[in-house]
Asks: 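Here's a structure for you.
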Amino acid sequence: ILPRSQWRKAPSAALVDEDEDAVPDVDTKTEITQAAPSVPDTDKTNEGRARKRARVAGGKLGNSSSAATTEPTEDGEEGHEELGEFVKPADVEDDSVDGEPTGRVVGVIRRNWRSYCAFLDPNFAHKGTKASNAPVSVSVLAMDRRIPKIKIRTRQVDVLSGQRFVVAIDSWPKESRYPHGHFVRALGDAGDKATETEVLLLEHDVPFQPFTKNVRADLPPEGDKWLLDVDRDQITSGKRRDLRHIDICSIDPPGCTDIDDALHAIRLPNGNFQVGVHIADVTNFVKPNTAMDKEAAHRSTTVYLVDRRIDMLPELLGTNLCSLMSNVDRLAFSCIWELDQDATIVNVTFHKSVIHSKASLTYEEAQNRIDDPSLNDSITNNIRDLNMLAKKLRKRRIDAGALTLSSPEVRFRLENDSQDPVDVEMKALKETNALVEEFMLLANTSVAAKIYEHFPDSAMLRRHPEPPAQNFDNLQHALKPLDIQLETGSSLALAQSLDRAVLASDPYFNNLLRILTTRCMMQAQYFCSGSCTPEDFRHYGLATAIYTHFTSPIRRYADVMVHRLLHASIDRDAVYGSELTDKIKMNEQCDVLNHRHRMAQQASRSSVELYTNLFFKGKTVEETGYVTQILQNGFGVLIPSYGIEGVVYTAARDAAAPSVLEYEQEAHALVSPDKNSEIRLFQRVRVILQVDDKPVSANVSSMRRKLSLRLIEPMIAGLSIEADELKALRAAKKTKAANADEDGKIVELVAKHPEQIQTI
């Protein structure tokens, strides 16, 4: 650790890909010595050049980014992005005074190498041809920006140009600045949708290969002809309750086929309500220590991409036998409460059950039933009762300090045949989203208490640590000129101060503040109850003392484990092994779950980024945005109309060149040298969105093709687009739109009058 006087006080710079073009290919001891002085000096050109690939803002914001596209979740915590995506000015004590603890590496104990997705350095490809078929040494750049260039020897230079491929590192000789490795396999052309999707799955460590023969052997032999058997499925013996007579329905996003949950509500003679949450009984089909169970534990979660879903379980289970679709008998695990008129729990019971859902509704269809006064059937009235109770549950949670945070969520409309994005919009939430969420939260909380009661040392729970006050420092700085202060002493104080933080001049401000507050949160995580004290069980965001995941076993392995724990808690005759009682094993499984969960979120975001780039390719779009991030060489901008983010760079391509705006620590703002121009958090700006349209193999930036943002307003000399260029861009856009309109008319004419079209 360096002396406090050398600790970093300014935010990170965002990575500018073009910088990599300037990094020389040197393999000399002299260069190594120059690149690693005993005291780092980021102002020196040599050191700056050596560190260009490592200068990433908080790890990721150099990308145009967006929120996850995972399906809506019941606990709201998927929106809590890791703080690592934004500058963390205060992760340790007293750094508000001294800056971030800063150090330098003095030794590598063990290298954590893996295979890397990479591409040929376009600069090498431009240097020309090789004289023979002999292998040549070339540099490749990993997609992971933290990895330095890798030297490989290959005969396929011409073939690899413009391709994505996998390389492995073999060694890192002392005399070489760069590690040495070898080519493993080709993935396909850079920019190709299928190739880029495989890259993001590999880079985020998402298991996506087809299920093996051994795994498929564990599926029911009847296949999709499987039917309920009252003797085999323990209905006759009374071990499983028959609830098929109850009017149960499911409410899910449109197109959902892996239906985990269904609900019902019945008015009781005493004026109370019986409310049931019924969850797919996955553990009836996935037995402990089978090949399928081990594969599900390895995958840990279903991963949702823009155009596909990587399932945790084979399709026969996930979208058929376990899915609680309507009008078929399905096995479930039911949580049934008696609630009074104020939605207070009178009692709760848990049962293995069989249900027969009467309707599979989308959020919109359920909302329409609530709103249509002419509908008074049993299902509709049940949904209205559930909605009334859900509102009371939600109010009680919020009064207790549950946070209502926000993150932009994007929905793409894809063309049927090509799966190309033809439209992008923000996801709209309805009352019925909150209805489902409230009862899933109630089930998760009730189950957590039950399994902890019976397994105090090995229950699988989920906690959300309280964020340290320092995490909010930059946000508080930015709010000061607006005469707004966040109270961070407790989740209730924070929730109340967020409710008060309103600007009459900008209706979007409160939503933006909630998005930025979300990014100050810690990451929620699975843990074993025996690994920490009950005081640390608390879920800060939900303001609950204990919590777990029970309601999505088709897509989360944590829920499968919780189902087994709950079954063992309610059935004295249940047989189980050390997987439910061994604290060490449970901790290890929690580590795997947390890793896979993070990777799934990041893969989803990368998928959104890929499709965002495809959508904006060839387009020039002007939009209003808000500043969400202050960097040394730029600022992050959120575009509310699309729910996406990008960086406007303020520095020239050459790292040694002065920036148009300089970071001012006291104000946490970017300010021009003459003090006449500045960029602050929350500031409204006007930007142009474009995707680099150069050939993919043109340069490093093209190989990492991403959305670029350029400033229109405010007008800052040397940074904003000049009037003439803006005029030309608008004229080109107008011409392109006119041509597209003309093409559309021709296509329409051809479609209407095919008999008039002659073969040419």
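Nothing here was measured: the structure is a model prediction, and the numbers come from that model. Keep in mind that the numbers below use all heavy atoms, side chains included, and drop hydrogens, waters and symmetry copies.
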Asks: Glu438 and side chain to side chain contact (heavy atoms under 4.5 Å, CB included): which single residue from Leu389, Leu393, Asn433 fits?
Replies: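 Among the candidates, only Leu393 passes.
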Asks: Distance under 6.0 Å and angle within 45° of the ring axis: does Arg463 meet both against Phe537?
Replies: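 No.
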Asks: Run the salt bridge (Lys or Arg N to Asp or Glu O under 4.0 Å) test on Arg596 and Asp205 for me, step by step, so that the C-alpha distance in whole Å, both residues' side-chain angles and the decisive distance to 0.1 Å come before the verdict.
Replies: CA-CA 8 Å; Arg596 293 286 186 216; Asp205 195 22; 3.1 Å; yes
Asks: Could you check whether Arg564 pairs with Asp293 (Lys NZ or Arg NE/NH1/NH2 to Asp/Glu carboxylate O, under 4.0 Å)?
Replies: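 A salt bridge is present here (some side-chain N lies under 4.0 Å from a carboxylate O).
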Asks: What is the minimum heavy-atom distance between Leu386 and Val275, and which atoms define it?
Replies: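 In this case the closest contact between Leu386 and Val275 is CD2-CG1, 3.8 Å.
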Asks: Does any donor atom in the side chain of Glu453 or Ser569 lie under 3.5 Å from an acceptor atom in the other side chain?
Replies: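 No.
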Asks: Within a strict 4.5 Å, meaning less than it, do heavy atoms of the Leu498 and Leu513 side chains meet?
Replies: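 With C-beta onward as the side chain, the pair touches.
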Asks: With a 4.5 Å cut-off on side-chain heavy atoms, are Ser446 and Ile345 touching?
Replies: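 Yes; the side chains approach each other to less than 4.5 Å.
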Asks: With sequence neighbours left out, write down each residue that passes ring-ring contact (aromatic ring centres under 6.0 Å, His included) with Phe273, or none if nothing qualifies.
Replies: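 Phe273 satisfies ring-ring contact (aromatic ring centres under 6.0 Å, His included) with no residue once adjacent residues are dropped.
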Asks: Would you name the heavy atoms of Ser529 and Pro456 that are closest together and state the gap between them?
Replies: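 Of all heavy-atom pairs spanning Ser529 and Pro456, the closest is OG-O, 2.9 Å.
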Asks: When you look at NZ of Lys287, are more than 12 heavy atoms from neighbouring residues, nucleotides or ligands closer to it than 6.0 Å?
Replies: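 Count over threshold, so yes.
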Asks: Have Lys585 and Ser578 got a donor and an acceptor in their side chains that come within less than 3.5 Å?
Replies: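 Looking only at side-chain atoms, Ser578 and Lys585 do form a donor-acceptor pair, the distance falling under 3.5 Å.
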Asks: Between Gln601 and Gln523, do the side chains contain an N or O donor and an N or O acceptor separated by less than 3.5 Å?
Replies: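 Judged by distance alone, the side chains do pair up.
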Asks: For the CG atom of Asn387 and the CG atom of Leu435, what is their distance to the nearest 0.5 Å?
Replies: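 With rounding to 0.5 Å, CG (Asn387) is 5.0 Å from CG (Leu435).
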Asks: Would you say the ring centroid of Tyr526 lies under 6.0 angstrom from that of His549?
Replies: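 Judged by ring-centre distance (under 6.0 Å), Tyr526 and His549 do meet the cut-off.
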Asks: Hydrogens and angles aside, do Arg514 and Asn510 bring a side-chain donor and acceptor to less than 3.5 Å of each other?
Replies: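 Distance-only check passes for Arg514 and Asn510.
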Asks: Between His668 and His477, is the gap from one ring center to the other below 6.0 Å?
Replies: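 They do not qualify: ring centres at least 6.0 Å apart.
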Asks: Does the gap between the ring centers of His563 and Phe550 come in under 6.0 Å?
Replies: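 Centroid distance His563-Phe550: below 6.0 Å, so yes.
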Asks: Are Lys352 and Asp571 within salt-bridge range, i.e. N to O under 4.0 Å?
Replies: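 Here Lys352 does not pair with Asp571 in a salt bridge, since their nearest N and O are not under 4.0 Å apart.
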Asks: Please determine if Asp311 and Arg309 form a salt bridge, counting it only when a charged side-chain N lies under 4.0 Å from a carboxylate O.
Replies: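 Result for this pair is yes, salt bridge flagged.
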Asks: Check the pair Val447 / Phe350 against side chain to side chain contact (heavy atoms under 4.5 Å, CB included), numbers first and verdict last.
Replies: CA-CA 9 Å; Val447 169; Phe350 306 95; 3.7 Å; yes
Asks: Check Lys395, Arg397, Arg396 against Asp399 for a salt bridge (Lys or Arg N to Asp or Glu O under 4.0 Å) and give me the one that passes.
Replies: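 By the salt bridge (Lys or Arg N to Asp or Glu O under 4.0 Å) criterion, Asp399 pairs with just one of Lys395, Arg397, Arg396: Lys395.
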Asks: Using the rule given for side chain to side chain contact (heavy atoms under 4.5 Å, CB included), can you reason through Val592 versus Gln589, listing the C-alpha separation, both sets of side-chain angles and the distance that settles it, and then say yes or no?
Replies: CA-CA 5 Å; Val592 174; Gln589 185 62 57; 4.1 Å; yes
Asks: Could you check whether Gln525 and Asn594, counting side-chain N and O atoms only, form a donor-acceptor pair closer than 3.5 Å?
Replies: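 No, Gln525 and Asn594 have no side-chain donor paired with an acceptor closer than 3.5 Å.
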Asks: Verify the neighbour count for atom NZ of Lys239: are there more than 12 heavy atoms of other residues, nucleotides or ligands below 6.0 Å?
Replies: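 More than 12 heavy atoms, drawn from other residues, nucleotides or ligands, come within 6.0 Å of this atom.
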Asks: With a 4.5 Å limit on heavy-atom distance, are the side chains of Ile248 and His278 in contact?
Replies: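 The answer is yes; the side chains approach within 4.5 Å.
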Asks: Could you check whether the rings of His539 and His464 sit parallel, tilted or perpendicular, using 30° and 60° as the cut-offs?
Replies: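 The arrangement is tilted - the two ring planes meet at 30° to 60°.
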Asks: Aromatic contact between Tyr576 and Phe455, with the criterion being ring centroids under 6.0 Å apart: yes or no?
Replies: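 For Tyr576 and Phe455, the ring centres are under 6.0 Å apart.
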Asks: Can you tell me if Thr349 and Asn347 form a side-chain donor-acceptor pair at under 3.5 Å?
Replies: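 Not at all, the side chains of Thr349 and Asn347 share no donor-acceptor pair under 3.5 Å.
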Asks: Looking at His204 and Leu200, what are the two nearest heavy atoms and their distance?
Replies: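 Heavy atoms of His204 and Leu200 come nearest at ND1-O, 2.8 Å.
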Asks: Show the numbers, then the answer: is there a side chain to side chain contact (heavy atoms under 4.5 Å, CB included) between Leu403 and Leu494?
Replies: CA-CA 8 Å; Leu403 295 174; Leu494 178 59; 4.0 Å; yes
Asks: Check this for me: does any side-chain nitrogen of one of Arg519 and Glu645 sit under 4.0 Å from a carboxylate oxygen of the other?
Replies: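 Between Glu645 and Arg519 there is a salt bridge, with a charged N closer than 4.0 Å to a carboxylate O.
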Asks: If you look at every heavy atom in Thr301 and Ala600, which pair is closest and at what distance?
Replies: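 Looking at all heavy atoms of both residues, the shortest contact is CG2-CB, 3.8 Å.
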Asks: Under a 4.5 Å cut-off applied to non-hydrogen side-chain atoms, are Phe333 and Val282 in contact?
Replies: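 Side-chain contact under 4.5 Å: no.
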Asks: Between Leu313 and Val286, which heavy-atom pair has the shortest distance, and what is it?
Replies: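 Smallest heavy-atom distance, with atoms named: CD2-CG2, 4.0 Å.
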Asks: Strictly below 4.0 Å, N to O, side chains only: are Arg114 and Asp144 in salt-bridge contact?
Replies: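 So Arg114 pairs with Asp144 through a salt bridge.
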Asks: So which atom in Ala291 and which in Val215 form the shortest heavy-atom distance, rounded to 0.1 Å?
Replies: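 Answer, listing the atom of Ala291 first, then Val215: O-CG2, 3.8 Å.
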Asks: Where do Asp281 and Arg240 land on the side chain to side chain contact (heavy atoms under 4.5 Å, CB included) test, with the steps shown first?
Replies: CA-CA 11 Å; Asp281 188 6; Arg240 188 180 291 274; 2.9 Å; yes
Asks: Is the terminal nitrogen or CZ of Arg299 (NZ for Lys, CZ for Arg) located under 6.0 angstrom from the six-membered ring centre of Phe211 and within 45° of that ring's axis?
Replies: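 Relative to the ring axis of Phe211, which defines the angle, Arg299 lies inside both limits.
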